[in-house]
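The structure under discussion appears below in the form of structure tokens.
What you see below is based on every heavy atom in this structure, not just the backbone, and it leaves out hydrogens, waters and symmetry mates. Proteins get letters first, then strands, A, B, ... in listed order; numbering begins at 1 in each.
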Amino acid sequence: MKPELFKDYEPAKIEEKWFATWEQRGDFHANEQSTKPHYSIVIPPPNVTGVLHMGHALNNTLQDILCRWKRMSGYEVLWMPGTDHAGIATQNVVEKQLATEGKDRHELGREAFVERVWKWREESGGQIINQLKRLGASCDWERERFTMDEGLSEAVREVFVTLYEDGLIYRDNRLINWCPRCHTALSDLEVEHDDKQGSLWHLRYPVKDSDRYLVVATTRPETMLGDSAVAVHPEDERYSELIGKTVLLPLVNREIPIVADEYVDKEFGSGAVKITPAHDFNDFEIGKRHDLEFINILDESGFINENGGSYVGLERNAARAKIVADFTELGLLEKIDAYTNAVGECYRCKTIVEPYMSKQWYVAVKSLAAEAIKAVDTGETKIIPQQWEKTYYEWMNNIQDWCVSRQIWWGHRIPAWFCDDCGEITVSRDNVAACHKCNSSNVRQETDVLDPWFSSALWPFSTMGWPEKTQALEKFYPTSCLVTGFDILFFWVARMMMMGLKFRGEVPFKEVYIHALVRDENGHKMSKSKGNVIDPLVIVDQYGADAFRYTLCAFAAMGRDIKLSTERIGGYRNFVNKLWNASRFALMNLKDFEPAQVELTDLPLSPADQWILHRFTYAMEEVNQSLTKYKFNDAASILYSFTWHEFCDWYIELSKDNLYGDDAEARKVTQTVLYQVLEGLLRLLHPILPFVTEEIWHALPGDRGVDSIMQASYPTNAITVTDTAVVEDMERVMEVIRAIRNVRGELEVPPGKKIKVVLDCKSADVEQAMNVGKQYIHTLARVEELEVGVSVEHPAQASTQVAGDVEVLIPLADLINVAEEEARLGKEIDKVQKDVTFFTKKLSNEKFVANAPPQVLEKDRAKLGAAEEKLEILEQSLKKILTMK
RNA sequence: AGGCACGUAGCUCAGUGGGAGAGCACUUCCCUGACACGGAAGGGGUCGGCGGUUCAAUCCCGCCCGUGCCUACCA
């Protein structure tokens, strides 16, 4: 029973139905025992706390297009879905929940809290998965993974222990980025720098045993409590005699040395710098060089600790205000300048981070990075577009050791046990009950968890069952492609490369396609806090998933920014509707048609049939090529213009005479071509428009042997061979039709009015072509009387247009306005005159004639000839017209 | 500060070493039996500025102006 297509395309009616069918039937399931070549993609796992935004929509639409295309192209496709546990973000969500109950996580205790997080995840986590399904994402949903799953956690532990055993994981006490709100260390990448309007305070530090002051400039006056030196440049003669002396640190009355260090810029401020080794990355280095004291003045929440003397207990901003006030009172504040500098913020909560001394776990990444660099160098992994390789190298070459420990509760707990007796650390795959050194049972596990990116780095193989040796790994690793935005090139792509190479000995993916980011009108990322988001699900409701997908596909090529306009989405909604209605037209005319296994070559194909088949072949080749090169926008635009401007605007119109006519055989042939082209077109469009193509495909007559269009093959061969000469003649006929329409339009001949047309052909061949296409001209140009010949007699008074080798004459008797014809000709002559001038000039340039390749010359000469001829005809015509006035 | 992009029709953006493209918007005409979410015909751009390479530059190179992003230890 074939479904009928209702009159207007209404996406909501079919999208839900088809997705449910596909999923229930297991159409997306990847079979690891398949003998087909594999194509695999792992999804960039969205945060389990996340809701679908434009970035996800774009990212996953592109992946889905690739997967559906490859699936139809004969590959066994695995698109591996899942979510990321997103340590801080998830912990924050549950902490907020607790807060509404008037509790905090410390009351619950770690175990209960983690349990609570799991409960949250069961109940409301991962809603983004269902949102992805609304877009039509053809992931193998049966395989959905979560980074905290048992298997993935085992992978994390295996990797951590191996890296530790290989000496690539170590602990160290150094300055890290600390979020005083999240109470955890952050990696360098997790700190966002944002220019902030601030002040530069100039403070006077009295030099001991002198009446001199040393003026130091700082953006963070509160850190002076932890100063342990003042530094000047060794060659700064202003201060040379002070080097080695001391200053008396105001407010705390600590005597600190004046040291010389090349780091100091003589030109900046006063040329003297306060040194706070425990609270500034540069000062930390200077402190080490000069063996200074490291005085930590803050606690984990950013309050002044007991080292801050009378300022103890003050929050860092309050401490700043008080210290500035106190300096002012003492007459030690020289001045305050307005100053802009980049302040580091926590990427999760936007709190200003503190450089903070603490003991953390690090991965030594240099050797891992070297392999990852090599893999891109040798082309084992290709980054597309290639310009991103530079960025990748840049970062990889300057990579710093990766701080992987986080002081939160939600995440993979580090498998290290401290011995309270001998102080030894035991790192182990299995839980530890006794110290491996002294065998004491007095051991306790590290409380820190790992950076979620640590588990994400394993995603391409951990999701396939590693460290077990699974068939999935065997079949689908390395993955074929990774599709992602450039914003996580460092966070994720680079780290997956390192881990994949280290633990699988093979790159995790053969190609990385980096797409644009969806930004707001100011070029910033869309974010809820800015209120500039467009909700993809609202778009899907309004325009349908297919139209939305088409829009994203067409936008995919745009450099780095995508500005979504709903107008444009509306345009593609219209496109889907156009396809829908063209299909309705076809179905109306295929009611008595049963597709049989006919070879089109056996049928008497009309010129229009050959033409559309030829154009189909072209579009098909272009689309396949575009997708191979990740040129999604090209694929979208080729299919758009083929569907609308060739299939609908021309072929359907050209087919009507046969479909409505009395010639049963001609009708049958046209039906066959109409059916085959539409059916092939639906397959070509399916990766971008999965829903509507499936619906129409099922409404088509006949049985195509598979349950879904997604199991049909993607067109890679011409439907049939076409005769180039016939196609070219058809295009000539179309040009003549356009010429007649042009005159009709410009002279405002009413569309309903039938006219007489004379075609004066340059040669018998052209005449033959016109005679073959006569009927098309009659119908599409609304011509009643058509005279065709070589050197035929011209009507006494006629409007003249030139279409290639055909002079198109329309007797003015039938028309109205001589003045309008004069104007039209004038306009046309101007255009052609420009061409003539252009090519005459070009071809009279001796250097051009001497140097240009012969083909170019030949082409230009032909163009000049044609233009001159056309000009001549039009001018003669104009002369005649003028005599009539 | 360095790096990477971008600046093309009113708007959003494709594109190429050989006479400038799309969608939307705009103008004129049409509710012709798939579609007014439609049809037909039009108008509109010294391809940011200035130089250079070339027979030929919107495209390659240099400089400048403007915009954006990323990285960076100027307190």
Over all strands shown, is [X] touching base, sugar-phosphate only, or nothing at heavy-atom distances under 4.0 angstrom?
X        : result
A:Lys863 : base
A:Asp265 : base
A:Arg782 : base
A:Ala850 : nothing
A:Asp649 : sugar-phosphate
A:Leu200 : nothing
A:Asn341 : sugar-phosphate
A:Tyr9   : nothing
A:Phe647 : nothing
A:Glu285 : nothing

Separation of [N] [atom2] from [X] [atom1] (nearest whole Å):
X        : N     : atom1 : atom2 : result
A:Leu203 : B:A75 : CG    : P     : 15 Å
A:Asp261 : B:A75 : CG    : P     : 16 Å
A:Asp188 : B:C70 : CG    : P     : 16 Å
A:Ile336 : B:A75 : CD1   : C1'   : 16 Å
A:Tyr640 : B:G21 : OH    : P     : 18 Å
A:Trp395 : B:U71 : CH2   : P     : 10 Å
A:Tyr393 : B:C4  : OH    : C1'   : 16 Å
A:Lys842 : B:U54 : NZ    : P     : 18 Å

I want to check one thing: is the phosphate of [N], taken as OP1 and OP2, less than 4.0 Å away from some side-chain N or O of [X]?
X        : N     : result
A:Trp644 : B:C37 : no
A:Lys578 : B:G39 : yes
A:Lys656 : B:G33 : no
A:Tyr660 : B:A34 : yes
A:Asn633 : B:C13 : no
A:His645 : B:G23 : yes

Strictly by Watson-Crick or wobble contacts shorter than 3.5 Å, is anything paired with [N], and which nucleotide is it?
N     : value
B:G23 : B:C11
B:G33 : none
B:A72 : none
B:U67 : B:A5
B:C50 : B:G62

Residue pair A:Glu746, A:Lys827: steps toward the side chain to side chain contact (heavy atoms under 4.5 Å, CB included) verdict
CA-CA 11 Å; A:Glu746 297 262 322; A:Lys827 213 166 77 179; 2.9 Å; yes
A:Arg667 side chain to A:Leu659 main-chain N or O, any donor-acceptor pair under 3.5 Å?
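Looks like yes, one N/O pair under 3.5 Å.
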Does the gap between the ring centers of A:Tyr572 and A:Tyr640 come in under 6.0 Å?
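Between A:Tyr572 and A:Tyr640, the centre distance is under 6.0 Å.
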Hey, are [X] and [Y] close enough for a salt bridge, meaning a charged N less than 4.0 Å from a carboxylate O?
X        : Y        : answer
A:Glu10  : A:Lys13  : yes
A:Lys274 : A:Asp227 : yes
A:Glu735 : A:Arg738 : no
A:Asp283 : A:Lys288 : no
A:Arg220 : A:Glu222 : yes

On RNA chain B, compare the nucleotides closest to A:Arg584 and A:Phe839; which residue's is nearer the 5' end?
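Checking each residue's closest nucleotide, the 5'-ward one belongs to A:Phe839.
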On RNA chain B, check which nucleotide each of A:Asn581 and A:Tyr263 is closest to and give me the residue with the more 5' one.
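Counting from the 5' end, the first nearest nucleotide belongs to A:Asn581.
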Go through the N and O atoms of the side chain of A:Arg568 and the base of B:C24, and report whether any donor-acceptor pair is under 3.5 Å.
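No.
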So, under a plain 3.5 Å distance rule, would you say the side chain of A:Glu653 forms a donor-acceptor pair with the base of B:A34?
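Yes, a donor-acceptor pair under 3.5 Å.
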Go through B:G43, B:C69, B:U28 for me and flag the one nearest to the A:Glu748 side chain.
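Selected nucleotide: B:U28.
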